[in-house]
Amino acid sequence: MSTAIVWFRRDLRLADQPALSAACAAHERVLPVYIHAPHEEGAWAPGAASRCWLHHSLVDLQSQLREQGASLHVRRGDSLAVLRELVHATGATAVYWNRLYEPTAIARDSTVKAALREQGVEARSFNASLWCEPWQRETRQQAPYRVFTPFWRSLRTQLSVTAPSTRPSIHGLEVADGLPIDALELLPAIPWDSGLREAWRPGERGAREALEVFEDDAVTDYATARDLPARHGTSRLSPHLHFGEISPRQIHHALAARVSAIDARRRPDIEPFLRELGWREFAHHLLYHFPATPTANFDRRFDRFAWEADDNASLERWQQGRTGIPLVDAGMRELWHTGWMHNRVRMVVASFLCKNLRQHWHHGARWFWDTLVDADLANNTLGWQWVSGSGADAAPYFRVFNPVSQAQKFDAQGEYLRRWLPELRDASPPLLHEPWKDAALLKRSGYPAPMVDLGDSRAAALSAYQSMRGA
DNA sequence: TGCTCGTTCGA
DNA sequence: CGAACGAGC
């Protein structure tokens, strides 16, 4: 009887799970393991919202395994030490896992792989979460891509719809001394997470459900609906993707199958959505090739940029959604309440922090890291560097979002604003978009006056960028 | 995946 | 006088 260990990390699914499939194909018995080791993730251990999600996702994985007659062995500690101990306890001859792409994870996994091989254990890693490995794609100059469009053109032409594998049948084995998931203490001591629980269903089954909901929406009008924050017009698959509860290949396959059944003249275009998955690939490509970018400006000219001094009071108003700018505050409160924010609104609140308040993008990246259920180092880094203008293929520095016109354009009726700003619930456009224009409204609602003048702060940002460029 | 301002054009 | 458009930020 040969035994393999499958080391689960952020691939919390049973279907289309290459490490698990390979283990089940080549070995009679399989031990699924999760090792909680946040100390191995450096400065980017999961934040509070992420830990919540992880808890529920592990619970879902455990219950699915139990239905299969198997069981997830849960531990905490040093990954290598625990794996060695389990190899010893089970007589396993192989350890399989799916790759991660954060610099600290790569370093850890290389060490683990080398150490296991040295003791004669077969150690193999697989690709479970990307269409294409970051090292498998380069420009004609044999350099990593730095611009999205050529990256996407190259990836898109090679993309074919392939059927994902289904879940294997698992002959699991039980090992003593596993922990209950509760023992990992991933849930908050103070239960602030009720909003998260109402908004989401973590786990592979929740991911499948979200995909089905999205298939129906995508089939109608993703291209326009995705820009309206009041609607659930986006896929809302990001946290599921982050934890590997579903793969891009599964999504692509499902969407392609769904639209191919529709009459060609009315067939919706899934390219805009595939392109968003392309941005995710690009983010991973960049993080792999430029591992310093979670903290260092991609464009080093920005090292000289005149940020405002760190200002905790301003930062706190932004975090708590009390800036006095309705769309910014609505977004920040949506984030706090649900662990997620609509993508268009993310761009607006980020632009406001980096340009109107001129606070360093690090502060925004860190807050998102702690509060987003889809916090992902590659995506978060790309997003913040893109907005601040310091990134690869970033928004030009002079592109400053005006949160009022964005709200007028994408939340014309103010439905999203009223949902998240209860004190303005009886206001309506046009004053809802600019409540400071009605002193009586501010007074009776208690909604704050804007912390900065949008026009003045925009001009100040442009001149700061200008002088950086001149320097 | 922008904004603002100035200009022009048509009601 | 406002919509539409292009240039420059």
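Atoms considered below: every heavy atom in the structure, side chains included; atoms not considered: hydrogens, waters and symmetry mates.
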Novice: Phosphate oxygens OP1/OP2 of B:dT4: is one of them under 4.0 Å from a side-chain N or O of A:N402?
Specialist: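 Checking B:dT4 against A:N402, a side-chain N or O does come within under 4.0 Å of OP1 or OP2.
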Novice: In whole Å, what is the span from the CD atom of A:Q408 to the P atom of B:dC3?
Specialist: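 It is 10 Å, rounded to the nearest whole Å.
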Novice: Is the Lys NZ or Arg CZ of A:R366 less than 6.0 Å from the centre of A:W44's six-membered ring, within 45° of the axis?
Specialist: yes
Novice: Which heavy-atom pair separates A:V345 from A:L327 by the least distance, and what is that distance?
Specialist: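 So the two residues come closest at CG1-O, 3.9 Å.
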Novice: At under 4.0 Å, does any side-chain N or O of A:Q406 touch on OP1 or OP2 of B:dT1?
Specialist: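 Checking B:dT1 against A:Q406, no side-chain N or O comes under 4.0 Å of OP1 or OP2.
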Novice: For the pair made of CZ in A:R399 and P in B:dG2, what is the distance, rounded to whole Å?
Specialist: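 Rounded to the whole Å, the gap is 5 Å.
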Novice: Between B:dC3 and A:S405, is there an OP1 or OP2 to side-chain N/O distance shorter than 4.0 Å?
Specialist: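 Yes.
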Novice: Rounded to whole Å, please give me the gap between CZ in A:F410 and C1' in B:dT1.
Specialist: 8 Å
Novice: How many Å lie between CZ on A:F282 and C1' on B:dT1, as a whole number?
Specialist: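 Going from A:F282 (CZ) to B:dT1 (C1'), I get 15 Å.
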Novice: Could you check how far CZ of A:F398 sits from C1' of C:dA7, rounded to whole Å?
Specialist: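 Checked: the CZ to C1' distance equals 11 Å.
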Novice: Is there a side-chain contact between A:K355 and the phosphate of C:dC9, meaning an N or O under 4.0 Å from OP1 or OP2?
Specialist: no
Novice: Would you please name every residue forming a side-chain hydrogen bond (donor to acceptor under 3.5 Å, both in side chains) with A:R249, sequence neighbours left out?
Specialist: A:D16
Novice: Looking at A:W436, I'd like to know if its CH2 atom is crowded, meaning that more than 12 non-hydrogen atoms belonging to other residues, nucleotides or ligands lie closer than 6.0 Å.
Specialist: yes
Novice: Rounded to whole Å, please give me the gap between CG in A:N356 and P in B:dT4.
Specialist: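 These atoms are roughly 10 Å apart.
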Novice: From OH of A:Y465 over to C1' of C:dG8, roughly how many Å is that when rounded to an integer?
Specialist: 18 Å
Novice: How close or far is atom P of B:dC5 from atom CG of A:L462, stated in whole angstroms?
Specialist: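 Nearest whole value for this atom pair: 11 Å.
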